[in-house]
Amino acid sequence: MTEKSLKRVSYTMLTGPAILIYAFIIIFPILYSLTLSFTKWSGLDLPQFVGLQQYRRIFSDPVFYHGLRNNLLVVAISVFGQIPLGFALAYIIYRRLVAGGRFFETMIFLPITISAVVVAILWAQIFSPAGIFTALIRVLKDEPRYVLGIFESRNYAIVPVLFVILWMYTGIYMVIYIANLQRISPSVIEAAIIDGATEGQILGRVILPSMVNVIFTTAVFAISGSLKSFDLIYAMTGGGPAHYTEVIAIYMYVNTFKYYNYGFGSAISVIIVAMSLGLISLIQVVFRRLERRYGT
Amino acid sequence: MKKATVIVAVLILLSAAVAFASGQGGESGRTEVITLSLYEYSDLADETDVKNTKILFDTFYAKFPDVRLEIEYGFDEPYHDKLQAMLVADQLADVMFLWPGKRTGTVTRSGKIKDLRPWIKGHEDEFAPIAMAAQGPNGEIYELPEQVTATHVMFTNEKLMKDLGLSFPKTHGELMSQGDKIKGARLIPIAMTNKSQWQMQSCFLSALTERAGGMDWYKRVIVGDNAAFTDAEFVNALKVIDELSKREMFSPGINQLDYGQALTQFETEEAVYYIDGGWRANNLVSELTDDQKPYMVLNTYPDIPNQKGTSGSTAAVAGTGYGMHSKLTGEKAEAAWNWIWFYSGPEGSKLRQGFGANPAYKLPTPADADPMIKKLVKFVGETPAGFVIDAVMDAEGMGVLHPAIQEMMLGKKTPQQVAQEYEAWVAANDTSRK
Amino acid sequence: MELRGKNTGWKVGAYIIMLAFTILTLGPLLWLLYSSFKPHNEIIRHIFALPRTMYTENYFEAWRRANLGILMINSIIYSTVGTALTTLLALAAGYGFAKFKYRISGFFYVFFIMGLLITVHSVLVPLFIMETKLRIADTRLGVILPYVAFGLPFAVYLATSYIRGIPDSLEEAAVIDGASYLQIFRQIIIPVATPVAATILIFSFLSNWNELIFVLTLTSGETLRSLPVGVLAFAAGRSRNYGLQFAVLVVATLPMILFYIFFHNQLARGFAAGALKE
């Protein structure tokens with residue numbers, strides 16, 4: 001075998017399996033989904049081509065928009081809640097502002113190791129009329145019939161869910177940031193200290209600039225994860241009551257698997273992917289700007 | 001390092017081998033035995049369910065040793081999801097557990113389920129009339145109902161009621177005025193849950209709809225014959241729920257309560273009244289103490305204002321049962337029918353009656369049956385009944401109706417708005433209107 | 001590198017945040033744990049109190065009725081096999097993309113990254129139909145393949161960026177000694193990439209273990225279900241017996257917590273060893 005063809009064969013053997021499995025499981029079904037999104041199909045007989053009808057239905061459905069709003073709130077809590085909080089926690093541990101950093105690190109990361117289903121069931125119980133949080137409030141307010149009214153509010157029912165999301169996922173960002181903080185050369189910090197910099201200045205001038213890339217990457221993961229989020233919310237509230245806590249992935253699931261509107265469901269998936277791509281590109285633009293301003 | 005790699009590699013290969021070898025659905029090799037695949041609806045986490053199911057299958061095997069059932073279990077939503085997926089992939093089991101009406105409608109009307117009428121011929125009178133109601137557009141019967149289910153029962157704790165100096169209300173207004181007294185005693189007037197949304201429709205609204213409009217109107221509104229859900233009748237039914245909700249007559253946080261919690265509230269005597277389906281009587285059999293049973297009574301909702309329907313009516317539907325794949329013929333079809341008839345016919349019904357079920361097959365109630373069962377049998381036998389909405393209307397419409405009802409209870413919509421929303425969807429989409 | 005004369009203000013604030021977070025994290029979990037040793041009635045009546053006696057009945061019943069034994073075994077099979085395959089394939093592909101200077105690698109790489117945006121639901125139905133026609137639905141293989149496929153995007157991303165950072169000189173030395181590409185892969189790349197391999201392993205294992213939707217849809221046999229599915233089916237509606245529900249939740253949770261406690265060093269090191277550099 002020649003040098004060149006040997007190289008090609010090796011390349012194929014190395015990358016082939018991964019590409020094949022990926023294409024088989026993900027790409028073909030996605031393309032299939034894409035074509036399905038232009039049809040009306042209940043699973044029986046043959047799909048019926050309907051052009052953009054499904055998309056029109058989706059964009060005129062108030063339930064969709066409410067779900068979208070909830071998704072954006074989830075994205076917001078991830079990007080503006082989990083990331084700063086995760087960073088703050090990482091910073092505290094890294095700069096040794098408290099003793100027992102290792103212990104705290106382990107504790108904060110703990111929730112992620114638990115399945116989203118378990119987390120959902122646990123917190124649903126805690127907030128339920130028969131749960132421990134409700135019991136606590138009942139005792140404090142001396143109101144035996146008290147129930148968590150926030151779940152019944154169209155605009156705010158999602159707040160407890162957002163709280164649980166924050167609780168569960170912040171740890172992972174913290175760990176990522178700690179790892180990257182540790183790669184900053186200590187001598188730079190030493191120098192800054194010697195030059196008399198305050199904690200705040202060290203944070204702003206030395207640490208943040210070198211973390212911009214990581215923050216960008218984690219923001220991307222946060223966004224893609226938020227737009228897909230399903231397990232936790234579905235197991236916790238099922239999207240209820242009355243669609244108040246529904247997100248787009250649940251909207252898609254219910255329409256596809258409960259009502260057998262495969263065309264409709266496929267259209268929603270396509271929209272989710274498109275939105276993810278859009279948001280991520282947006283973030284990329286923002287970060288390019290930031291990079292240019294602060295340099296690396 | 002090398003050694004460790006080898007060990008790991010071997011382990012991976014071993015597990016992969018195990019994975020490949022053990023994952024298949026299992027084949028049997030005996031040819032003189034007829035094998036049928038059966039998709040069974042059973043809660044494997046419910047001791048009672050598991051025990052009873054085993055007795056039924058064991059008895060069947062003893063009677064028909066030449067039939068072998070390969071059973072796959074499912075329960076609740078996943079059962080329906082999987083059933084649908086099987087339909088789509090053309091992988092339906094030979095025998096399946098089905099619902100009458102729309103719940104498993106896509107499957108039964110797909111043409112892949114056999115019409116059982118030829119087999120039932122001659123036996124129709126042995127069943128309660130509702131059980132023989134048409135399940136398909138041309139009168140087909142796709143599954144042989146195991147029971148008649150009343151979905152609306154207003155269980156009453158007569159002792160609590162008397163202790164408070166109250167008697168069973170004759171009208172909706174009377175019940176409403178009892179509210180303050182009951183709540184003053186730190187009790188719940190009507191225990192009920194609605195987190196999964198179907199309870200309010202199935203266990204209450206359905207019966208209220210009959211009360212508000214009467215059967216003639218009910219039949220017409222389904223097909224849209226000079227009647228619509230925006231009519232005053234349906235709005236009236238919704239109004240009853242609206243008023244109860246505003247008066248805080250239900251369990252606190254009803255829309256956040258998981259199904260089953262109201263039952264607990266009733267059993268622990270925290271509630272005077274409790275609205276749920278007739279099937280709950282089975283729970284009461286095993287969960288109430290013998291002392292409690294005498295004063296736990298089955299009623300229906302009192303008369304409502306502008307009532308055009310029958311006083312004291314409930315909502316009922318033919319129960320679930322087994323059906324078979326349309327592709328079965330000859331011996332296999334015979335074997336499948338053997339199971340179906342065994343289960344819902346005289347033999348299975350007798351066994352199930354022992355478990356506390358109320359079979360559609362007419363059987364005398366044993367003298368030693370549990371008091372709660374006796375009450376249920378009397379209830380089902382004597383109470384006039386209307387339709388259950390989700391049995392006669394499309395499932396997708398429930399996705400519109402249920403959240404709307406919840407929003408009404410949360411004070412965000414008026415009964416009129418709920419009626420309008422639902423009617424709008426039905427008029428445009430429901431298959432019963434076409 | 002301690003800051004001399006640190007602001008006590010910062011310190012106090014830091015402690016408050018840390019303690020708050022820890023209490024919030026540990027609190028519910030500890031409550032879950034000790035409540036699982038109470039029978040349902042006791043939980044309802046005395047929701048805050050510690051158990052009067054250790055009511056282990058919940059656990060025995062939970063194990064039996066929810067079939068936790070089989071669920072556990074299946075979870076182990078799915079997770080280990082899926083993870084092992086993902087890691088191996090990702091490292092191989094990473095090597096191919098990072099070190100073989102082919103243009104098409106760029107295309108494939110982006111191809112994989114796009115996978116991060118795909119929700120499982122988009123492929124669920126077509127996948128089920130495909131697997132059924134190929135007769136691999138309701139088999140362990142039918143679950144493991146999607147696990148690998150969905151784990152690959154992130155794994156390939158990590159592997160490729162890490163391997164890119166391996167100095168070419170190492171390979172060149174091996175080439176001079178006459179090694180083939182595959183030998184280089186086995187003897188140089190894999191050992192050197194151990195940190196990122198560890199990260200991929202741990203990450204994949206965690207997500208595979210907790211995975212729900214695929215097992216739920218693609219399997220129906222009782223003997224094939226995994227822990228999260230069993231937990232959902234059993235515990236979700238079980239609000240009539242909280243003791244039982246909690247016991248199931250604890251059993252479902254404990255393995256991963258222990259796994260994490262043992263391996264969290266690896267995880268941190270993996271992240272640190274350049275796994276997440278640009």
Side-chain angles (χ1 to χ4, degrees), chain A residues 7 10-11 14-15 17-19 21-22 25-26 29-30 32-33 88-89 92 96-98 104 106-108 110-111 113-118 121-122 126 130 132 135 167 175-176 178-180 182-183 186 189-190 193 199 213-214 217 224 228 231 235 249 252-253 256 262 269 272-273 276-277, chain C residues 1-3 7 10-11 14-15 17-18 21-22 24-26 28 31-32 44 47 89-90 92-93 95-96 100 102 108 112 115-119 121-123 125-127 145-146 148-149 152 156 181-182 185 206 210 212 228 231-232 235-236 249 252-253 256-257 260 264 268 271-272 276 278:
Chain A
K7 190 174 181 196
S10 307
Y11 181 75
L14 284 170
T15 60
I19 295 180
I21 294 185
Y22 183 69
I25 301 285
I26 298 190
I30 288 279
Y32 186 39
S33 245
L89 294 170
I92 291 175
R96 310 241 179 85
L97 295 178
V98 297
F104 285 120
T106 316
M107 289 302 112
I108 297 175
L110 210 50
T113 60
I114 309 175
S115 142
V117 171
V118 173
I121 295 177
L122 175 62
I126 293 179
I132 193 172
W167 182 85
V175 165
I176 293 176
I178 290 180
N180 279 276
Q182 283 168 346
R183 292 177 52 229
I189 308 222
E190 297 274 336
I193 296 177
E199 197 69 50
N213 281 330
V214 186
T217 315
S224 71
K228 300 197 300 197
D231 292 0
M252 183 189 79
Y253 182 77
T256 314
Y262 293 122
S269 325
I272 294 180
V273 176
S276 312
L277 280 171
Chain C
M1 22 152 209
E2 307 291 312
L3 186 62
N7 242 338
W10 282 92
K11 253 199 151 163
Y15 266 109
I17 296 182
M18 279 301 170
F21 233 88
T22 309
L24 262 184
T25 306
L26 278 190
W31 176 74
L32 179 70
I44 300 276
I47 199 165
L89 291 182
Y95 176 43
F100 287 57
Y102 284 135
F108 282 136
F112 275 104
L116 290 169
L117 304 174
I118 308 295
T119 98
H121 309 99
S122 337
V123 302
V125 175
L127 195 57
L145 281 181
V148 175
L152 280 176
V156 167
Y181 288 111
L182 292 181
F185 179 59
L206 258 181
N210 287 331
L212 175 73
V231 169
L232 182 64
L249 293 181
T253 309
M256 275 305 98
I257 293 186
Y260 168 62
H264 77 284
F271 278 127
L276 262 132
E278 241 297 69

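The figures here come from the full heavy-atom set of this structure, side chains too, leaving out hydrogens, waters and symmetry mates. Naming: A, B, ... by sequence-line order, numbering from 1 per chain.
- Residues C:L89 and A:I21 approach most closely at CD1-CD1, 3.8 Å, considering heavy atoms.
- Interatomic distance, A:I108 CD1 to C:T25 OG1, rounded to the nearest 0.5 Å: 6.5 Å.
- If you tally non-hydrogen atom pairs under 4.5 Å between each of C:N210, C:V148, C:V156 and chain A, the highest count goes to C:N210.
- Atom CD1 of A:I26 is separated from atom CG of C:L145 by 11.5 Å, given to the nearest 0.5 angstrom.
- Under the 4.5 Å side-chain criterion, counting only non-hydrogen atoms from C-beta, A:L14 is in contact with C:L182.
- If you measure heavy-atom distances from C:F112 to chain A, the contacts under 4.5 Å come from both the backbone and the side chain.
- Heavy-atom distances place the side chain of C:L152, and not its backbone, under 4.5 Å from chain A.
- Put simply, CZ on C:F21 and CG on A:L89 are 5.5 Å apart, with the number rounded to the nearest 0.5 Å.
- Considering every non-hydrogen atom in both C:L26 and A:M107, the closest pair reads CD2-SD, 3.3 Å.
- With a 4.5 Å cut-off on non-hydrogen atoms, A:Y11 touches chain C through its backbone and its side chain both.
- If you measure heavy-atom distances from A:I126 to chain C, the contacts under 4.5 Å come from the side chain alone.
- Here the OH atom belonging to C:Y181 is positioned 5.0 Å from the NZ atom belonging to A:K7, to the nearest 0.5 angstrom.
- No other option in C:P228, C:P146, C:A90 has as many heavy-atom pairs under 4.5 Å with chain A as C:P146.
- C:F100 has its side chain within reach of A:S10: a pair of non-hydrogen atoms, C-beta onward, lies under 4.5 Å apart.
- In this structure, the side chains of C:Y95 and A:T15 stay at 4.5 Å or more apart for every pair of heavy atoms.
- Interface remark: C:Y15 contributes backbone and side-chain atoms alike to the contact with chain A (heavy atom separation under 4.5 Å).
- Contacts of C:I257 with chain A are made by both backbone and side-chain atoms, with heavy-atom separations under 4.5 Å.
- The parts of A:V118 that come within reach of chain C are both its backbone and its side chain, each placing non-hydrogen atoms under 4.5 angstrom from that chain.
- Across A:L122 and C:P28, no two heavy atoms sit closer than the pair CD2-CB, 4.3 Å.
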